[in-house]
Amino acid sequence: MSSKKLTSILLIASILISTSVQVSAINTYPTTAEESTVAATENTSEETTAVDEQENLTENPTVQEKATEIVLEKDNHKTADQQESQTTIDKVAVKSIVTSARSLVLENGESYKLTIETDPFDIDKDTLTWQSTNNTIAEADKDGNIIANGVGSCTIKVYADDGSDVYGYCAVTVTQRVQNFAFKDAPKTMKAGEQITVVANMIPLSATNKILRWTSSDKTVATVSQKGTVTAVGNGKCTITAKTVDGSEVVKSFEVECKGKTTPAKENIKVTSVSTATIRKIVRENTSFKMETTVSPSNASNKDLTYTTSNSKVATVDENGNVYAVGKGNCVIYASTKDGSNLRAGCVVTVEENAKSVQFTRKSVICRIDETVDLKPTVVPQRTALPDVVYRSTNPNVATVDKNGVITALAKGNCQIICISADGMKVYDKSNIVVGQPVHSIKIHGNDTVYLGSVTTLSARIFPFDADSKEVTWSSSDNSIATVSSNGTVHGLSEGEVTITCRAKDGSEVVATKQLTVEEEPDVVQQLIDVAKEQVGNGPSKYRQWFYNNEGWDIPWCAIFVSWCFDQIDGLGKYIVASAGAGSIARESVASGLSGEWHESEYSDSSTTPQIGDVIEFVWDGNGRYLYQDKYFSDHVGIVYDVDDYFVYTIEGNTGSDDNDASSVKRKLYERTSDKINGYYRPDYTK
């Protein structure tokens, strides 16, 4: 709406409010003699008018028959105008953002797709902002694609742009493999007993894992420690080799000649058997273990073994039997004799992937004291041979957790259960534990029917009343028939049956369901007329009780009766302002922008044709309108239930007596051109 239109509407509203002061004075409780006199005067109609109307009845037989059945009476009631404020529409803010992984380990240059879950789930993802605490280490685009740029650690965050300060995050660690290395001070010759430590310079310097595996081609000539220290032990030449262990498979070697030691001849005793401590081993990626072997006899001349792998992409092994798990799969590590006996033993090695993500399916759990809950996380990739996670409780006094993830509630309070991947990759998740009173049951209240293209709102009653959390979620069994919002509002989309489910959010997994029927909306105008007809003969008690929350005394109630009738039909209350003021029914409904429009009476505008369902407004001054008042200023109000060529037929409250407390609901009729009819407010029942 333009600012000019808004200014005009505000100006009109202020004028209407100022004029309503006089109307209000007419309909308040009479407290002075002067006010009582005014009320009595306005409740008295003119005798000449009654005579004219009786003559018209006599001239027309059809009309005379109707007049015999229905008492032609005048009403006399002036009531106070009220105004209601506009409804403001709340904007739903983002409550939470959860990333698919809370921590990641990537190699430099590697990318990873990070997904998110939001509450509410259907927010526009384009309203989210992705940021990195250090783009030189890792950055993220608007779709959650993370690219590793450099070695180090940073945090990727995704923010909601709605001012709620809600965000999700993922800690990212970027590693760098060795690309090459070079020896510094590698010896060419050594004397027996001499030791030299060889330094390896890594390329690039930022490589994360700079550990090398050192081997000697002939330990009788020279040995080498895992720190690169070469020791000359005999005469001859041998090759010293270093190999990266970070998976880059970079290998360098140099030859050294040792002199100065004479080895006495020994008896050559052959190896008769070789065995391993285990024939099957299950390990995780990037771990290592020592292959334990036994050579017999113990006095064999040469008990040295050669270690080999059947698949170096799964696991590698050095000359000392140290096995390094490289990638997922199976292989066999062999230990073979070097003395010519041609014996060997093997161990089947299974390498399982490290965890990429660990997530609890239940982020929060409410349980009672002494209750146990089996809290199993989802681990990706899933493994079966080895434990996936280890657990711990942040407050064992409130709740403990065993190695299988079974929680035992001990005392009222709060804590967190943390599950960490057992492979040492520091991938973990948390679940909030509340020991208190969980939800036991839910009862859904609301209509069993929603009309096609319309809405109805369901409510959930939580038991017990002292449950620690009363939050619920709603879902529909068929969104093509009906959808349901987070507050329980059901929208009917197509005819059929649908099940609406309400689920407790406290972790108790308590649910309730309700069957709803979506059908065509009935004729609401006829429903309104039927409700109004059923009230004929009733006094003011229940209408005053509905409006004022008490019966009161001597309170005009014609407008209250009309408001009450509209309120009885689902959805009709939106067309009029619930009011105790006759003029307010039309004035405030139109001024408030409700669906409907004003039509003058036939006395003022011969082109007007009243319709069934119109709200009819009356004035008793015999001029069709009060001078110096707005066009809605009225003394009395009712509902049109029929119209013919001569008369308009009404149902009105507060008629038949000058005493407001003794009056009742009656059917009445008026000539269509009567000067007592001010006009008609016509709701747009099609909206």
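Note that these values count all heavy atoms, side chains included, but never hydrogens, waters or copies made by symmetry. This one's a predicted model, so the numbers in the text were calculated from it and none came from an experiment. The first residue of the sequence shown is numbered 1, and numbering continues consecutively from there.
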Least distance between heavy atoms, [X] atom then [Y] atom:
X	Y	result
A578	W546	CB-CH2, 4.4 Å
V94	P120	CA-CD, 4.2 Å
S589	V577	OG-N, 2.9 Å
I442	A504	CD1-N, 3.7 Å
A138	I146	CB-CG2, 4.2 Å

When you look at [atom1] of [X], are more than 12 heavy atoms from neighbouring residues, nucleotides or ligands closer to it than 6.0 Å?
X	atom1	value
K403	NZ	no
K210	NZ	yes
K313	NZ	no
D165	CG	no
E110	CD	yes
E471	CD	no
K470	NZ	yes

Exam field: side chain [X] to backbone [Y], donor-acceptor pair closer than 3.5 Å:
X	Y	answer
Q359	S100	yes
T133	T155	yes
S477	V498	no
R503	A512	no
D318	N322	yes
S584	S579	no

Distance under 6.0 Å and angle within 45° of the ring axis: does R102 meet both against Y169?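 Yes, cation above the ring, under 6.0 Å and within 45°.
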Report yes or no: is the cationic atom of K443 (NZ for Lys, CZ for Arg) under 6.0 Å from the centre of the six-membered ring of F463, at an angle within 45° of the ring normal? no
Member of T136, T208, T173 meeting the side chain to side chain contact (heavy atoms under 4.5 Å, CB included) criterion with V151: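 Exactly one pass, corresponding to T208.
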Answer yes when R177 and E107 have at least one side-chain N-carboxylate O distance shorter than 4.0 Å, and no when they do not.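 Looking at E107 together with R177, the answer is yes, because their closest N to O distance falls below 4.0 Å.
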Under-4.0 Å salt bridge between R368 and D468: no
Excluding sequence neighbours, so at least two apart, what forms side-chain hydrogen bond (donor to acceptor under 3.5 Å, both in side chains) with D246?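 Scan of D246 (side-chain hydrogen bond (donor to acceptor under 3.5 Å, both in side chains), adjacent residues dropped) gives S248.
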Please assess Y681 against R587 for the test side-chain hydrogen bond (donor to acceptor under 3.5 Å, both in side chains), listing each intermediate value before the final yes or no. CA-CA 9 Å; Y681 169 62; R587 179 190 301 112; over 6 Å; no
Go through the steps for N447 and T449 under the test side-chain hydrogen bond (donor to acceptor under 3.5 Å, both in side chains), then give the verdict. CA-CA 5 Å; N447 295 330; T449 301; over 6 Å; no
Listed once per pair and sorted, the side chain to side chain donor-acceptor pair (under 3.5 Å) pairs that draw on residues 511-520, sequence neighbours left out: D448-K514, E497-T517, T499-Q515
Note, D143 side chain near K113 side chain (heavy atom, < 4.5 Å):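 D143 reaches K113 side chain to side chain.
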Is there a side-chain contact between V365 and N432 (heavy atoms, below 4.5 Å)?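 They are not in side-chain contact.
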Any donor-acceptor pair under 3.5 Å linking the side-chain atoms of Q176 with those of N108?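 Their side chains do contain a donor-acceptor pair, which is all the 3.5 Å distance test asks for.
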D161/T127 under side-chain hydrogen bond (donor to acceptor under 3.5 Å, both in side chains): CA gap, chis, key distance, verdict: CA-CA 6 Å; D161 290 339; T127 63; 6.0 Å; no
Can you list every pair that meets ring-ring contact (aromatic ring centres under 6.0 Å, His included) and has a residue in residues 116-162, with sequence neighbours left out? Y159-Y167
